Amino acid sequence: MLEQGSGQGKEKCYAGGEMGSYNPKEIEQKWQQIWEEKCMYRAEDGSPKPKLYVLDMFPYPSGDGLHVGHVEGYAATDIYSRYMRMKGYNVLHPMGWDAFGLPAENYAIKTGIHPKETTEKATRTFCKQIKSLGLSYDWDREIGTHTPEYYAWTQWFFLLLYKNGLAYKAKASVNWCESCKTVLANEQVVQGRCERCKSEVIQKELEQWFFKITDFTEDLVKDLDAVDWPDSTKLNQRNWIGKSEGALLKFPVSNSQFSIEVFTTRPDTLFGATYMVLSPEHAVIANLKSQVSNWEEVAGYIEATKKRTELERTKEAKEKTGVELKGIKAVNPATQEEIPVFIADYVLSHYGTGAIMAVPAHDERDFEFAKKYNLPAKQVICGNYPEPTCPVLENSYTGPGHLVGSGQFDGMASEEAKQKIAEFAGGVMKTTYKLRDWLISRQRYWGAPIPVVYDPEGNPHAVPEEHLPWMLPTDVEFKPTGTSPLAESKELAERTERIFGKGWKPEVDTMDTFVCSSWYYFRFADPRNEKEFASKETIRQWLPVDVYMGGAEHTVLHLMYARFFTKVLRKFGYVNFSEPFLMLRHQGLILAEDGRKMSKSLGNIISPDTIVNQYGADSLRLYEMFMGPLAYPKPWNTKSIAGVRRFLEKVWRARERVGESGDSGLDLILHQTIKKVGEDIERFDFNTAISQLMICVNAMEKAKAVSRESFEMFLKGTAPFAPHITEELWSELGNKESIHLQGWPAYSEELVKEKTIRLPIQVNGKVRDVLEVSPETSEEEARNLALASEKVRKWTEGKEVKQVIVVPGKLVNIVF
RNA sequence: GCCCGGGUGGUGGAACUGGUUUACACGGGGGACUUAAAAUCCCUGCCAGCAAUGGUUGUGGGUUCGAAUCCCACCCCGGGCACCA
């Protein structure tokens, strides 16, 4: 940092007193306080300005405090928000806390400290850390999902779904995490392991609450077309929903009243179906018991399957297993041939009909299974259409082609045959999805209680709305036993009996925290409303969210659930749009200096506090935005922060050169800078915007003098990125109103144009000369100038020039 | 296995719809200022060559006057899904 007062012999930097050195700590705290006092960033309800809703995925306030990864996304939306305010928008930019969740509860189990206490402490820390970054949130709208004022409405949403048949209780085989002692949604199981603690997930038969997200599958697919989201995120959602079109076909069971229905995407291969496979859980198996001659073996296999975890079933996928239902035959509805029936765990009970027709010649899995159990394969598709010959298959062929061995359909293209054969076999076309209903019950304490009570007969009843918030009891121990902690609450039990009558019992599960975060963006529109989750007027004013920023880890879970909630609200007339987030951007992961993920165990975590202390918030913001493209994963490099800090020092020093008149040579670069910075912010290309600002300040340093007007223009252009230093310099120039309330400067189309451009002259594609020419230079002129160049003539001498390519304003290429 | 995204100096990265590769930074080296140091400013990509010059955007090929950019094949890295019939 600059030393003060030591240079006696030195020239005075500028007239009018001592120049202070750049001291971020001082000015940042000062301005943060002033902004807060003035409620500078309050979003105005009912303002005539156009609205803009810019939202960050709200954080889980963990005890570890804010992470540099949070800062990346928050800085990005803050720059965007500040810029758009300067452009005249009424910006809603709120922050809140996704406060329910397991870490606080697990901590409570260890220490006995109530989650409410740790959560609120963590929230205060987060809040303080976020405020130290100078982010322009409207703190009047702060919300926390753990407060009764908030979860009353989470419970209201549950009731809305329940009353409309979209929330139901069902016994099903569900994912159970032994370590977290709770069930999990499918979306929370990653490769057979718990998304949170990575321990193995097992299947349990339990009665649980589900939300019927599958009622909206088609809209969840279709509406993706209309939103501005990263392609990869849309693709992830589409893959998760897993739409596929095929046919339902019935295979009668010989000598019985039963038939087995299958779903297939390849009805065109029906003539090649040489056996069938049922999932071990299939309901028809019990009905056929009397006809199965090897029932003991079959029952044994079914039992063994139940015991295997999802992970085992996937891990051992290479070795397929199964058992034939001896004594049972099914009839292929196309060939009328009798074919054997198997049960095997490679067929999933919850997809399609839980049964398949096996076509070993044209399906890899069936081929594998057929090979192992010595089952016949029959080729019915020939891939090299229209070639007349068909090779003998040594493997399964899964591509398209023309039909063979399929009677009257021989020669038909497989695409065309799909529907024809389905009809021929008495089947119907059908669309199937992988997406399953959302399991929302959790056997945990720190969440929103499910607002349901049971009558003495055990039938569920909704807790009437007047009893919301249905309070989370406090008289519980934090010991995970597998049954919900709420079950031991005397208060909850008594409350239930008092209100509903003797023998009534409360639901003791809480809701998945993803339920809380599925609707929070509505609450920001009207955070203190006690009568509705948000009023119609405020929803109309603010929603949908225009820009949503968050990590790519939420491409399936949170985004899918939030979209589902919005579609539910639309269906029941609460909103008139179907997608909550019009534009979505992801911040990339910030890696440690060693290129690995930051983690406590590796001890390579960088804390934003340290950086703010050492370099200042403006430097941290600028650094994270300058690291590279927002969405990329990027390694941290503390040394590089010096670069952006130096930039700020240059900005600070530039005021020494500010006078009434300035170097007019600066105009070009200044106007180019304003143009580029604005365009880059709108594209979220913050790294190149900052580099342009650096170019501009470097030019100001070289200029003899900078006019006040130019400097102010530059400060406005820098303000969204470095709000504190620009505010300080702006006020020092004598401006009374905050720089952040100024309009975004307009650049002049005239001044942005270069007076001369560099025109490279190539000979056979190699640059041999570069000419300074006017940008208006005509094709003819450029050609003549190029051919006249001495450096060029050196290369073309004695050669016959075949062609001269002139790209006006770009280059000239002389070819011989 | 399938589906995305990516491979550019020692490093992070720029490069608009095919037109001077390496903007802006970090680091290293050299220089200026200084008694000295810090700070600041200026120069500096790599390989081959005495030099002129040539080569150099993961590798190999193609299209083109011209390719980081388009096409084909391959290698490597990151992410997602994973028996979904």
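Not measured: the values here are computed from a predicted model. Letters A, B, ... mirror the listed sequences (proteins, then strands); counts begin at 1.
- Contacts of L811(A) with the nucleic acid, taken as non-hydrogen atoms under 4.0 Å apart, include base atoms.
- Of the candidates U20(B), C4(B), C16(B), the closest approach to any side-chain atom of K810(A) belongs to C16(B).
- Taking the O4'-C1'-N9-C4 or O4'-C1'-N1-C2 dihedral as appropriate, G66(B) has a value more than 90° from 0 and is therefore anti.
- Of the N and O atoms on the side chains of T398(A) and E364(A), not one donor lies less than 3.5 Å from an acceptor on the other residue.
- The distance from atom CE of M627(A) to atom P of U11(B) is 16 Å, rounded to the nearest whole Å.
- Rounded to an integer number of Å, the gap from E553(A) CD to C81(B) C1' is 17 Å.
- C2(B): Watson-Crick or G-U partner is G80(B), with both key distances under 3.5 Å.
- Atom C1' of C71(B) sits at a distance of 25 Å from the matching atom of U20(B), rounded to the whole Å.
- Between the C1' atom of U56(B) and the NZ atom of K766(A) lies a distance of 12 Å, rounded to the nearest Å.
- When the P atom is compared between A73(B) and G79(B), the two are found 25 Å apart, to the nearest whole Å.
- The phosphate of C42(B) (OP1 or OP2) has a side-chain N or O of K702(A) nearer than 4.0 angstrom.
- Remark: the K320(A) side chain and the C83(B) base include a donor-acceptor N/O pair separated by less than 3.5 Å.
- Each of C26(B), C65(B), G13(B) was ranked by its minimum atom distance to the side chain of P629(A); first place goes to G13(B).
- Distance noted for atom C1' between G7(B) and U22(B): 16 Å (whole Å).
- Of the listed nucleotides (G19(B), G12(B), C24(B)), C24(B) has the atom at the smallest distance from the side chain of S691(A).
- OP1 or OP2 of A85(B) has at least one side-chain nitrogen or oxygen of S244(A) nearer than 4.0 Å.
- Taking side-chain N and O atoms only, Y632(A) has no distance below 4.0 Å to OP1 or OP2 of G13(B).
- For the pair N239(A) and A82(B), the criterion of a side-chain N or O lying under 4.0 Å from OP1 or OP2 is not met.
- Sequence order on RNA chain B of the closest nucleotides to Y351(A) and D231(A) puts D231(A) first from the 5' end.
- D345(A) and T305(A) share no side-chain donor-acceptor pair at under 3.5 Å.
- Each of A25(B), G55(B), A85(B) was ranked by its minimum atom distance to the side chain of T264(A); first place goes to A85(B).
- In this structure, Q672(A) atom CD and A14(B) atom P are separated by 20 Å, rounded to whole Å.
- In this structure, the CG atom of L348(A) is 6 Å from the C1' atom of C83(B), given to the nearest Å.
- Taking atom CD on E364(A) and atom C1' on C2(B), their separation rounds to 10 Å, with Å as the unit.
- Both N698(A) and I805(A) sit near RNA chain B, but only N698(A) has its closest nucleotide nearer the 5' end.
- Nearest to the side chain of W795(A), among A85(B), U53(B), C83(B), sits U53(B).
- Within 4.0 Å (heavy atoms only), N687(A) reaches sugar-phosphate atoms of the nucleic acid but no base atom.
- Comparing the C1' positions of G13(B) and A68(B) gives a spacing of 14 Å, expressed to the nearest Å.
- Across the P atoms, A15(B) and C24(B) are found 13 Å apart, a figure rounded to whole Å.
- The side chain of R683(A) places no N or O atom within less than 4.0 Å of a non-bridging phosphate oxygen (OP1 or OP2) of C16(B).
- Across all strands shown, C47(B) is found opposite G54(B) as a Watson-Crick or G-U wobble partner, with both distances under 3.5 Å.
- In this structure, the nucleotide among C4(B), A14(B), A23(B) sitting nearest to the side chain of I695(A) is A23(B).
- Using a 4.0 Å heavy-atom distance criterion, R238(A) is classed as making no nucleic acid contact.
- In this entry A36(B) has no Watson-Crick or G-U wobble partner, no candidate having both defining distances under 3.5 Å.
- If you take atom P in U21(B) and the same atom in C26(B), they sit 25 Å apart, rounded to whole Å.
- Among the nucleotides A25(B), U20(B), U53(B), the one closest to any side-chain atom of Q762(A) is U20(B).
- At whole-Å resolution of the value, CE in M560(A) and C1' in G80(B) are 13 Å apart.
- Side-chain atoms of Q762(A) and V812(A), non-hydrogen and from C-beta on, never get closer than 4.5 Å to each other.
- When heavy atoms are screened at a 4.0 angstrom cut-off, F626(A) is found touching base atoms of the nucleic acid.
- Using modelled atom types and a 3.5 Å distance limit, the side chains of E218(A) and Y433(A) yield a donor-acceptor pair.
- Taking 4.0 angstrom as the limit, K650(A) places none of its side-chain polar atoms (N or O) nearer than this to OP1 or OP2 of C24(B).
- Note on R645(A): every side-chain N or O is 4.0 Å or more away from OP1 and OP2 of A25(B).
- Checking T233(A) against H586(A) by side-chain atom types alone, a donor-acceptor pair falls below 3.5 Å.
- Ring planes of Y22(A) and W652(A): tilted class, angle from 30 to 60°.
- For S279(A) and Y351(A), the side-chain atoms include no donor-acceptor pair closer than 3.5 Å.
- Of all nucleotides listed (C65(B), U20(B), C83(B)), C83(B) comes nearest to the side chain of D345(A).
- Taking only side-chain nitrogens and oxygens, N764(A) never comes nearer than 4.0 Å to OP1 or OP2 of G66(B).
- Residues D366(A) and Y346(A) have side chains that bring a donor and an acceptor to within less than 3.5 angstrom of each other.
- In this structure, the nucleotide among C24(B), C26(B), A82(B) sitting nearest to the side chain of M694(A) is C24(B).
- Distance from the side chain of V347(A) is smallest to A85(B) among C24(B), G54(B), A85(B).
- Using a 4.0 Å heavy-atom criterion, one finds that R646(A) contacts the sugar-phosphate atoms exclusively.
- Taking atom C1' on both nucleotides, U63(B) is separated from A82(B) by 38 Å, rounded to a whole Å.
- Residue V767(A) is classed as a sugar-phosphate contact, given heavy-atom separations below 4.0 Å to backbone atoms only.
- Side-chain contact, R266(A) with H362(A): no donor N or O sits under 3.5 Å from an acceptor N or O.
- Atoms NZ (K234(A)) and P (C81(B)) sit 20 Å apart, rounded to a whole Å.
- If you take atom P in G19(B) and the same atom in A67(B), they sit 11 Å apart, rounded to whole Å.
- Looking at T274(A) and V359(A), their side chains never come closer than 4.5 Å, going by heavy atoms from C-beta outward.
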